[in-house]
Structures are given as structure tokens and as C-alpha cells.
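All residue numbers in this chain count up from 1 along the given sequence.
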Amino acid sequence: MKRLLLGSFVAVSLAVTAASPSRGAFGGATVADVADAITELDVVRARALLAQVPVDSASLALERARLSLYVGDCDTASATLATLSGVREAASLAELAKACAKATAGAVVIEDQARGLWIRLQDEADRVLVPQLSEVAANARAAIERDLGVVMPRPLRIDLVRDHFSLSAVSGLPLQAAETTGTVAVARWGRVNLISPRAAPSGFPWEDTLAHEITHLAVTRATRDAAPLWLQEGLAKRQETRWRSPRPFDGEPRADDVAKNALVTGQSVGVDKLGPSIAMLPSADAASTAFAEVSSFVDYWIAENGRPALRLLFADLKGMGMDSASDALSSVSGYDLDGWVLRWQDHLLHLPEVKPGPAGQDPLEALERELLGSGIAVAGGRDRARALRVAELLLRRGRPDLAAPRLREALVSAPSDPALRFRLGQSFLASGRADLAAPLFRSDADLDYALAGWFALQGRVERGAGDPRAAEGSFELGVALDPYQEDAACEGEFTLHDAAGKPLPAPLPSDPARRALCESARKIRRD
């Protein structure tokens, strides 16, 4: 399966500053002080410093506009930059501010002061996702502060947008780059800019994506935006899952294995050859390889040097600047970047081959026996996509009895396909045969990939078997993968139809937040 890329775009902050000492000639702040405060996400200090700069200038006006972008005020940024039409450095920023102002016109802002969050919704319909989004953001930020030793300023700002066009407008990421690599989020201008899961027909792991982007903001703050791209992306990949308990498919495929394969086959992107952004690499495959390489490299470096060394590296980068990243590495750890890359590559080449686990009962064979025992006739394999589509149409016509045999035939040739198991499980449940559905959701160990609907129905089966704790874990994973998929949002319940195709009333979750999400999900058609 082609996984949806958890992309991000790390940009060097635009700051026009004069060559001046850290303090002005009369003790006032300088434009450079303001720029540094903004880059470190310290908007409170930046505002205070703006009032202390003794002489107004185009450079200072540019920083005022940049601060407006960092707090999400694109209208003020656009108006400020309109006064700098003759300043060359302001042109690209003015274009961004104008596009951002258009994209966010009429947006809804929700401020959670208790958690220190500022969330802007381009689409009011995404309000139902805010409770879950807020909880994930707060937990991910806490884990990042713990692991990286970086205290994030409050509030953390998050833009939730409708599509790639809007993502490009609020962040400045070229639209073509976002579409080419499948980028769904960008950490830029002091904010996390995230596409709504509503926009993805099959969803994406939006919770881990959010943690990834918050990490970018933290590293930018810690290094004053001087972290090289390999460090930014490697740490962001590392922190994607450290805020939560382990889940199925975490770390698959292993970054070390992907990096080693790329090295020995000559397909390596190179941790030091990423360009301005992974989101701007030529293909999704190249981006996936690059993510694996930087993740493997950073994990190796931290394992060799420890987290205290990482914090020292942050401090050296902040003082020395991005162009001195190799020197900072040497100062902290004794080897420059080239030296560490050679050590890491040698480490990869000496990794033991992954061996299969001990032989035992094949769970697919057990599933096969149980389904054959159900008495459903098997006429041979069918095209999976066709079987899924026909079964979906039959379910909408109230004929789960006809859908089940078609899916069963397809499952014979692809028993580890979670989409087939999900639809077949729906067919059995719609027919009142929970006993036949149960074997389809017994274990995720033999699935090809993670599917929101499959985990949602697993939770329903687990709850029916008297295991509410396991059920809740499955429901949470379904929402993490695709919160607007009906089964995932509705705790495994889905809409049944009569013979005329008319939808029948379906149960709603008892929890108010999840009930609202369920009701919203049922309004979305994903044909």
C-alpha cells in the first residue's frame, strides 16, 4: 500500500536585519533582536522589543509583518507589507500574506486557554474534531518538551485547512510540491498548518502528523531556526509516536531497513542532500526514503551520544548558525557530519538480517477454516476493487446477504486485505451474524496495512465480547486514522439501509464529543 506521506516543510525564516550589535547605540532594541524573538516563537518578547527600537525603518516594518503572520493575523501582515511595495525583500512575503488573508477570511478561531492552544478552522464543520485535536496537541507538546528540553510558548497555534490549495496559501509551500509528495501538513510561520482529515478520502494518521509538526516548531525555537533539515526531520519522525502508547504498525517498515536497502541499491537520497525541504523532493518514493534515512540517522546519533548531547547541539546551532552545523556536531560529539554519516552507513551495513519469527499456526489458515465452516459458497477469487464496490452498493440496497459471498470469494485470494475483511465484517454484522464477523477482527498481526474501519469494527466486536478497555483502544485508533469515516467516528456502528436504499436510524455514541463527530461523519459521502 502506498502510505500517505506525513510531509512537512521547514523554511528558513525571512528576516531582513542590519549588521548591528545586539543592543542599539542608545540602549534600545535592534531589528535583529526583534527578528530573533519572532524566530524563537516568543511573540510576547517580540512585541515588547518592537516598541523599544529607536528608529523606524523598512526592516522593522518587515518584522512587524512577520510577527503578524506568526500570530495568524494575515490581514494586518498584508496591510503592513502594502506600505513596502518598493522593498524587494517584501515582495514574496506580501504575496503570501495576501493569499493567507483570502484563505482565512471567515475562519473560526477557537482559543483553549487552559491548554494554551489557538486553533483556526477554515471550515466550521471541523469544530467537532477540536476536542480530540486539542487533547493530542497538548499531549504531544508535553512529550516534546520532556524529550527535547524545549519549553514551548503558549499558545500553540494550529491552522486546520480544507485542501492543498489552502495549505499552500497559508504556508507558502508550492502547491505542486505538496501534491507531488502528498504533503498534508506544514510547520511554518510559527504555526502548524494541517489539512483536515475530512479532505482525505481514506483519511491519514493526523494525530501523529500533528505531533510531527509541533516538533518542527520546537526545534526551530531551540536552535533559532538553525537546525539542518536532516535534524529537523529526523527528530520530527522520532517524536511522532512518543506522546502516546504503542499502536499496531508503529515503525513499519523499519527506518533502518529502508535506509539500508536504499544504501545497498544506490537509491539513497542522502541525509545531507535533501535540498530546501523533503516536501519538495521529486516524488513520494524519494520523500519516503528520505524520511527513513533521517529517522535512522538521528536515532543512531542520539543512541551514540545521548539526549544531553542533543541539547548541547541545539545550543551550539543557535549560537553558530545553520552554516556551521557540521562544526557544531564536531564540537559536541567529536565527529563532523561527514564522519557521522560514514559511521551510520557502516552501522547499517552491519545490521543483522531480519529473520522470520518461530513457526506456528498461521492466523490466516485459522480464519480460512472458520469462514469455510460458515457454509458460504466459494467460487474462486475475484478482483478486489470490484468486489468491494459491488458489496458497498449491495449494502446500500439492504442486501448484506448478497454482499457477503462476493467478498468471501475475493478474500480467498487476499486474506490479509483489511478492506475486504472490513466490508465482509459489515455484511455479517448487518445480517445479525456477529459470530461470523468475530474471526475477521481477532488480530491485526496479519493485516497488510492499518485501516480505520477495520479497527472500528474490531472495537465493536471486542465490546460485544465484554472487553470495553480493548474496544476503546480500537475505537481510538480508528479515529486516529480517519475521524470522519462513519464506523471509526461512531464506535463501530454504521448506517443500514432498507431494500429501497433508504437509510435506517443508527445508534450514536454516548460520549457527547464522539457523538458530535459521528453525526458529522454521517453527513459525508465518500464515493
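Under the side-chain contact (heavy atoms from CB on, under 4.5 Å) test applied with F428, the options L457, L436, L407 reduce to a single match, L436.
Heavy-atom minimum distance, A489 versus P483: CB-O, 3.2 Å. Of all the heavy atoms in A488 and D482, the pair that sits closest is CB-O, 3.5 Å. Heavy atoms only, all atoms of each residue included: A506 and R522 are closest at CB-NH2, 3.3 Å. Nearest heavy-atom pair across D487 and A456 is O-CB, 3.2 Å. A259 approaches L348 most closely through the heavy-atom pair CB-CD1, 3.9 Å.
A 4.5 Å side-chain heavy-atom check between P418 and D448 finds at least one atom pair inside the cut-off. Under the 4.5 Å side-chain criterion, counting only non-hydrogen atoms from C-beta, T215 is in contact with L148. Counting heavy atoms from C-beta on, the side chains of W454 and D444 come closer than 4.5 Å. Residues L451 and L481 have side chains not in contact (no heavy-atom distance under 4.5 Å, counting atoms from C-beta outward). By the 4.5 Å heavy-atom criterion applied to side chains, I278 and L281 are counted as neighbours. Within the 4.5 Å cutoff, the side chain of V294 has no heavy atoms near those of the L229 side chain. Using a 4.5 Å heavy-atom threshold, the side chains of P174 and M280 count as touching. Between P400 and L429 there is no side-chain heavy-atom pair separated by less than 4.5 Å.
With S443 contributing its side chain and A445 its backbone, the two residues share a donor-acceptor pair below 3.5 Å. Side chain of R120 to backbone of R157: no donor-acceptor contact under 3.5 angstrom is found. A donor-acceptor contact shorter than 3.5 Å links the side chain of W189 to the backbone of S171. Side-chain atoms of T183 do not come within 3.5 Å of backbone N or O of E179 as any donor-acceptor pair. Looking at R221, its side chain does come within 3.5 Å of a backbone N or O of E40 through a donor-acceptor pair. Although no hydrogens or angles enter the test, the distance criterion places no donor-acceptor pair under 3.5 Å between the side chain of S168 and the main chain of H164. In this structure, the side chain of Q122 does not engage the main chain of S166 through any donor-acceptor pair within 3.5 Å. Remark: the backbone N or O of A286 is paired with a side-chain donor or acceptor of S283 at under 3.5 angstrom. Listed for the R421 side chain is a donor-acceptor partner under 3.5 Å among the backbone atoms of P415. R247 places no side-chain N or O within donor-acceptor distance of the main-chain N or O of S245, the cut-off being under 3.5 Å.
Distance check: T223 OG1 to D225 CG gives 6.0 Å after rounding to the nearest 0.5 Å. The CD1 atom of I110 sits 4.5 Å away from atom CG of L121, with the distance rounded to the nearest 0.5 Å. Atom CD1 in I119 sits 10.5 Å away from atom CG in D159 (nearest 0.5 Å). With rounding to the nearest 0.5 angstrom, the CG atom of D417 is 11.5 Å from the CZ atom of R423. Atom CG of L133 and atom CZ of R127 lie 13.0 Å apart (nearest 0.5 Å). Put simply, CD on E207 and CD on E135 are 8.5 Å apart, with the number rounded to the nearest 0.5 Å.
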For residues 297-305, tabulate all N or O donor-acceptor pairs below 3.5 Å that involve a side-chain atom, not counting sequence neighbours.
| residue | atom | partner | partner atom | Å |
| --- | --- | --- | --- | --- |
| D299 | OD1 | R238 | NH1 | 2.8 |
| N305 | ND2 | W301 | O | 2.8 |

Side-chain atoms of residues 264-275: list all donor-acceptor pairs with protein atoms under 3.5 Å, sequence neighbours left out, distances to 0.1 Å.
| residue | atom | partner | partner atom | Å |
| --- | --- | --- | --- | --- |
| T265 | OG1 | N261 | O | 2.6 |
| S268 | OG | G270 | N | 3.3 |
| S268 | OG | E293 | OE2 | 2.5 |

N/O donor-acceptor pairs under 3.5 Å from side chains in residues 459-466, not counting sequence neighbours:
| residue | atom | partner | partner atom | Å |
| --- | --- | --- | --- | --- |
| R460 | NH1 | G492 | O | 3.1 |
| R460 | NH1 | E493 | OE1 | 3.4 |
| E462 | OE1 | A471 | N | 3.4 |
| E462 | OE1 | S474 | OG | 2.8 |
| R463 | NH1 | E491 | OE1 | 3.1 |
| R463 | NH2 | E491 | O | 3.3 |

request  = Applying salt bridge (charged side-chain N to carboxylate O under 4.0 Å, His left out), run through E145 and R154 and close with a yes or a no.
outcome  = CA-CA 13 Å; E145 291 180 335; R154 271 61 170 172; 2.7 Å; yes
task = Please assess W344 against S296 for the test side-chain hydrogen bond (donor to acceptor under 3.5 Å, both in side chains), listing each intermediate value before the final yes or no.
result = CA-CA 9 Å; W344 166 66; S296 172; 2.9 Å; yes
request  = Carefully, step by step, assess L231 and L310 under the rule side-chain contact (heavy atoms from CB on, under 4.5 Å).
outcome  = CA-CA 10 Å; L231 182 60; L310 177 64; 4.2 Å; yes
key: Full working for side-chain contact (heavy atoms from CB on, under 4.5 Å) between S196 and W206   = CA-CA 8 Å; S196 168; W206 65 275; over 6 Å; no
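With sequence neighbours left out, the side chain to side chain donor-acceptor pair (under 3.5 Å) criterion links R244 to D208, D250. Partners of T495 according to the side chain to side chain donor-acceptor pair (under 3.5 Å) rule, which considers only residues two or more places apart in sequence or in another chain, are E486. For W243, there are no ring-ring contact (aromatic ring centres under 6.0 Å, His included) partners, not counting sequence neighbours. Residues satisfying the side-chain contact (heavy atoms from CB on, under 4.5 Å) criterion with L496, sequence neighbours excluded, are A430, F494, L504. Among residues two or more places apart in sequence or in another chain, the side-chain contact (heavy atoms from CB on, under 4.5 Å) test is passed with A403 by A391, L394, L395, S427. Considering only residues two or more places apart in sequence or on other chains, D147 meets the side-chain contact (heavy atoms from CB on, under 4.5 Å) condition with Q239, R242, R307. Partners of Q113 according to the side-chain contact (heavy atoms from CB on, under 4.5 Å) rule, which considers only residues two or more places apart in sequence or in another chain, do not exist here.
We find that R514 and D511 are not joined by a salt bridge, their nearest charged nitrogen and carboxylate oxygen being 4.0 Å or further apart. A salt bridge between R389 and E392 is present, with a side-chain N of the basic residue lying under 4.0 Å from a carboxylate O of the acidic one.
Every pair passing salt bridge (charged side-chain N to carboxylate O under 4.0 Å, His left out) that includes a residue from residues 196-206 is listed here, sequence neighbours excluded: D126-R198. Residue pairs satisfying the salt bridge (charged side-chain N to carboxylate O under 4.0 Å, His left out) criterion with at least one member in residues 160-170, sequence neighbours excluded, are listed as follows: D123-R162.
With hydrogens and angles left out, the side-chain atoms of Q232 and T220 include a donor and acceptor closer than 3.5 Å. A donor and an acceptor atom, one from each side chain of S416 and D446, are nowhere located under 3.5 Å apart. No hydrogens or angles considered: a donor-acceptor pair under 3.5 Å links the side chains of E240 and H212.
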